[in-house]
Amino acid sequence: MSTLHIVNCSPTAADTLSSLRRVINLDDGILLTGDGVYLGLQQDNGLTQPLHALKPDVTARGLLTQWPTTIPLLDHAGYVSLCIEHEKALNWSGA
């Protein structure tokens with residue numbers, strides 16, 4: 001059963017990245033939203049699962065010009081489609 005991990009907090013908040021690495025499976029996906037989009041700028045994040053990011057959140061943080069082309073940017077309809085592709089979703093909101 002695949003899980004979509006929705007990361008909406010800074011990758012450094014509450015050890016989000018290390019916790020995510022411990023529980024994620026090979027067939028899972030990752031969606032970066034809110035401050036979670038900063039994870040997309042970390043080239044050596046140790047994740048092999050596909051990353052996606054919410055374009056309005058990348059744009060709101062002024063990161064669009066430096067955004068890696070390897071991480072697709074989604075609109076809200078794309079967000080919904082990605083959620084449908086996975087059996088369940090897990091929200092990483094930090095503490």
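Keep in mind that what you see is a predicted model, and the values were worked out from it rather than measured.
- Taken together through direct or relayed side-chain contacts under 4.5 Å among Ile, Leu, Val, Met, Phe, Trp and Tyr, Leu74 and Leu63 form parts of separate hydrophobic clusters.
- Taking CZ of Arg61 as the start and CG of Asp35 as the end, the distance is 4.5 Å to the nearest 0.5 Å.
- Taking each heavy atom of Val58 and Ala53 in turn, the nearest pair found is CG2-CB, 4.0 Å.
- In this structure, Ile6 CD1 and His52 NE2 are separated by 12.5 Å, a value rounded to the nearest 0.5 Å.
- Here the CZ atom belonging to Arg22 is positioned 10.5 Å from the CG atom belonging to Leu17, to the nearest 0.5 angstrom.
- Closest approach of Leu4 and Ile30 over heavy atoms only: CD1-N, 4.0 Å.
- Interatomic distance, CG of Asn8 versus CG of Leu54, reported as 10.5 Å (0.5 Å rounding).
- Listed here is the closest heavy atom pair of Thr3 and Lys88: OG1-CE, 2.9 Å.
- Across all non-hydrogen atoms, the minimal contact from Pro56 to His76 is CG-CE1, 3.8 Å.
- Within the model, atoms CG of Leu41 and CD of Gln66 stand 5.5 Å from one another, a figure rounded to the nearest 0.5 Å.
- Taking 4.5 Å as the limit, every side-chain heavy atom of Asp57 sits out of range of all side-chain heavy atoms of Leu32.
- Judged purely by atom type and a 3.5 angstrom limit, Gln49 has no side-chain atom pairing as donor or acceptor with the backbone of Gly29.
- Using a distance-only test at 3.5 Å, with no hydrogens or angles considered, a donor-acceptor pair links the side chain of Asp75 to the main chain of Ala77.
- Each of Leu82 and Trp67 belongs to its own hydrophobic cluster when Ile, Leu, Val, Met, Phe, Trp and Tyr are linked at side-chain heavy-atom distances under 4.5 angstrom.
- Among Val23, Leu31, Asn91, Leu51, the one residue that satisfies the side-chain contact (heavy atoms from CB on, under 4.5 Å) test with His5 is Val23.
- By the 4.5 Å heavy-atom criterion applied to side chains, Leu64 and Lys55 are counted as neighbours.
- Residues Thr16 and Leu39 have side chains not in contact (no heavy-atom distance under 4.5 Å, counting atoms from C-beta outward).
- Closest approach of Ser93 to Cys9, counting heavy atoms only: O-CB, 3.5 Å.
- Closest approach of Pro68 to Gly40, counting heavy atoms only: CG-O, 3.3 Å.
- In this structure, Asn45 CG and Arg21 CZ are separated by 7.0 Å, a value rounded to the nearest 0.5 Å.
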